[in-house]
Amino acid sequence: MTGPMAPPRPPERTTVVVATRNRREELLAYLGHHEAPVIVVDNASTDGSPEAIEAAFPRVRVVRLPRNRGAQARTVGARLADTEFVAFADDDSWWSPGALRRGEELFAGHPRLGLLAASIAVGPDEVPDPINAVLADSPLGPASAGSGPRLLGFVACAAMVRRSAFLQVGGFDPVVRFPGEEERVALDLAASGWELAYAPELWVHHHPSSLREPNETRQRELLRSRLLTTVMRRPWAAVGHELRSAATAGSRGRHALASALPRIPAAVRRRRPVPASVEADLARLRPRATVTATPAPPPGGPGALHARLSVVMITYNRRTEALQSLERLASLPERPRVVVVDNGSTDGTATAIRERYTGDPQIVLVASPDNLGAVGRNLAMEQVTTEFVAFCDDDTWWEPGALDLAVAALSDHPLLGVVTGRILVEPGGRDDPINEELLHSPVDGPQWLPGPALGSFLAGASVMRTAAFREVGGFSPRLWLGGEEELMAADLATAGWELCHLPEMLVHHQASTIRDPHLRRRHGLRNTLWFIWLRRPVPAALRRTRDVLSTAPRDRTTVAGITDALGGAGWVLRERRVLPPGVERRFLALEDSQRRSKARQYVS
């Protein structure tokens, strides 16, 4: 007698399509994680990838393309798939077990659902990618799929599509190629009546390849892709805006324009503006703050603004100080454009700035309805198109000539992300106690740095490379305000950017009397503890926690700061990502000076 027969395996409904080029080792490491049938489309690799895959994974279908077709390779794979759904993956990513089955259930229950965007976990520590929070905060309302919000964008390596919908809109095209290829597809899906939704319970694992192109190259290519997509799908006014933005974005913008130019005719031939309903959704995705600006004069003309640097200032209920600082910034010989974010002031700050500077192309006012704290700088950066950005607070201002020194240093050193100046306390121009620590920083940096290497920076006294700011996502909304720089500095160093002190670059600080020192100390203590547990290894985190708490006064403010920190323990542990050894050594070197520093004590 024969035993009972195994139940027949249900037919596959999803195919995983992987596009690759010259990443043999990543493919060999991660292809085995996929649960569904896999099609690998090879973009003319020269490292033996196709042969290695066929030898190691005989059930994987390998398609060899004679030339590198970029993201369009995924379209080739989708056309060859014979399943109802397609899940895209990169050669350094894979879908979590069970995720594809859950995606199939969501598609089956919602016939007009065209695309699902999954959550992304990065690296061996499974750190949630910051893009997850962006998708979760989409202002387009809930999707009919009931899983998460409706979207108008996605990340290709974490997207699952209804194959018929994807092919209906032509898939990824030969004009945009890669990266930034997703935007045009998202717009066309929405224009065709398909819904895009975020499904936070679906997860994709991403272990970024060490063979990725440099970040500056990627930023240029993303700008190029945005311009080409705008030509193909947006109104001509939007095209003009993108052209102006690229033209004023320094070398990155010039490279992007040069790269886009040969493809403009093909983009125009494919031009099909999206309907008004999709444009309306795009408008909802933009910052909802009110922006007051006057067009800048042409570069090089009379009264021309600085072509490579802007200044960002945040303010809240400090009308007098804000107006004084703006007056000083507007009179600088460097002529920077100043973007000032009013964080929902109730003292008439925004009105006063608007009345004084309406018609002045040097001052851009962004009036936020809410107090965003340090995240107001992120909002301001939406208006920044220059290569570099100088930050200041409403009670600080830059010395004439200081910004040109920063531009020179950043221009001469492409891997330098942040320069922090010497702070003079006003009135009187006395050295801030922190200057001594900056000048004698114990951090070990490369020999080429134009000043002492730093582990962190002071936002109100620093100039940053715009690309570096955007790469790490700006300031964390979690931290709000108070010591918010340390987390960003750690992430900048992790991304490969250097930080240094330029003692000849002067910034003045006349501390406002309109501040709550106890609240600032409470937030600073909370944010320091959060940073420690977000990024430091456990032994260092325990040691630093002990040091911080032992030097804090034993009072209600300290108790409140500790209570706030404990209240965030859940998200801190979920988003914990330990620093790589090289970056951890920087913070380890700072511990002794942090223990002894009078400028860093949590007192008020």
Who are the side-chain hydrogen bond (donor to acceptor under 3.5 Å, both in side chains) partners of [X], not counting sequence neighbours?
X    : value
E182 : none
R112 : none
T545 : W533
T15  : T83

Closest non-hydrogen atom pair, [X] against [Y]:
X    : Y    : result
P208 : D92  : CA-OD2, 3.5 Å
P111 : W194 : O-CZ3, 3.3 Å
H207 : E126 : NE2-OE2, 4.2 Å
C500 : L449 : CB-CD2, 4.1 Å
V16  : A89  : CG1-CB, 4.0 Å
M160 : L100 : CE-O, 3.5 Å

Given the rule in the side chain to side chain contact (heavy atoms under 4.5 Å, CB included) test, do L140 and Y198 qualify, once you have shown the distances and angles that lead to the verdict?
CA-CA 11 Å; L140 300 183; Y198 175 44; over 6 Å; no
If you apply the rule side chain to side chain contact (heavy atoms under 4.5 Å, CB included), what do you find for E486 with L479, and how did you get there?
CA-CA 10 Å; E486 196 169 21; L479 273 57; over 6 Å; no
Identify, with sequence neighbours excluded, every residue that meets side-chain contact (heavy atoms from CB on, under 4.5 Å) alongside R69.
N43, L65, R67, Q72, V76
Identify, with sequence neighbours excluded, every residue that meets side-chain contact (heavy atoms from CB on, under 4.5 Å) alongside A159.
L115, F154
Are any of the side-chain heavy atoms of [X] and [Y] separated by less than 4.5 Å?
X    : Y    : value
M488 : F457 : yes
D90  : R74  : yes
L135 : P149 : no
L223 : R226 : yes
V175 : R269 : no
F469 : F475 : yes
L187 : L152 : yes
E201 : L106 : yes

Distance-only, no hydrogens or angles: does the [X] side chain make a donor-acceptor pair with backbone N or O of [Y] under 3.5 Å?
X    : Y    : answer
R61  : V41  : no
N527 : E484 : no
S259 : H255 : no
R150 : G141 : no
T386 : S310 : yes
R470 : M381 : yes
T466 : E387 : yes
N68  : A44  : no
R576 : R536 : yes
D91  : R24  : no

Closer than 4.0 angstrom, basic N to acidic O: yes or no for [X] and [Y]?
X    : Y    : value
E584 : R535 : no
D444 : R585 : no
R465 : E471 : no
R270 : D173 : no
E195 : R162 : no
R586 : E498 : yes

If you round to the nearest 0.5 Å, how far is OG of S209 from CD of E25?
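Answer rounded to 0.5 Å: 10.5 Å.
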Under the side chain to side chain contact (heavy atoms under 4.5 Å, CB included) criterion, do L416 and W448 qualify, and how do the steps go?
CA-CA 10 Å; L416 182 58; W448 55 259; 4.2 Å; yes
Between F178 and S225, is a side chain to side chain contact (heavy atoms under 4.5 Å, CB included) present by the stated rule, with each step listed?
CA-CA 8 Å; F178 177 86; S225 297; over 6 Å; no
Could you tell me if R478 sits above the aromatic ring of W571, with its cationic atom closer than 6.0 Å to the ring centre and no more than 45 degrees from the axis?
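Verdict for W571: a cation-pi partner in R478.
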Validation row, ring centre W94 to ring centre H34 under 6.0 Å:
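Judged by ring-centre distance (under 6.0 Å), W94 and H34 do not meet the cut-off.
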Aromatic ring centroids of F166 and F88 under 6.0 Å?
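Yes, the ring centres sit under 6.0 Å apart.
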When you look at F587 and F531, which way does the ring-ring contact (aromatic ring centres under 6.0 Å, His included) test go after all the steps?
CA-CA 11 Å; F587 285 90; F531 165 74; 5.3 Å; yes
For D125, I'd like to know if atom CG has over 12 heavy atoms of other residues, nucleotides or ligands within 6.0 Å.
yes
Kindly indicate, with the supporting measurements, whether the criterion salt bridge (Lys or Arg N to Asp or Glu O under 4.0 Å) is fulfilled by E183 and R234.
CA-CA 11 Å; E183 185 179 8; R234 303 289 308 284; 5.2 Å; no
Report yes or no: do T14 and E104 form a side-chain donor-acceptor pair below 3.5 Å?
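On atom types as modelled, these side chains qualify, holding a pair under 3.5 Å.
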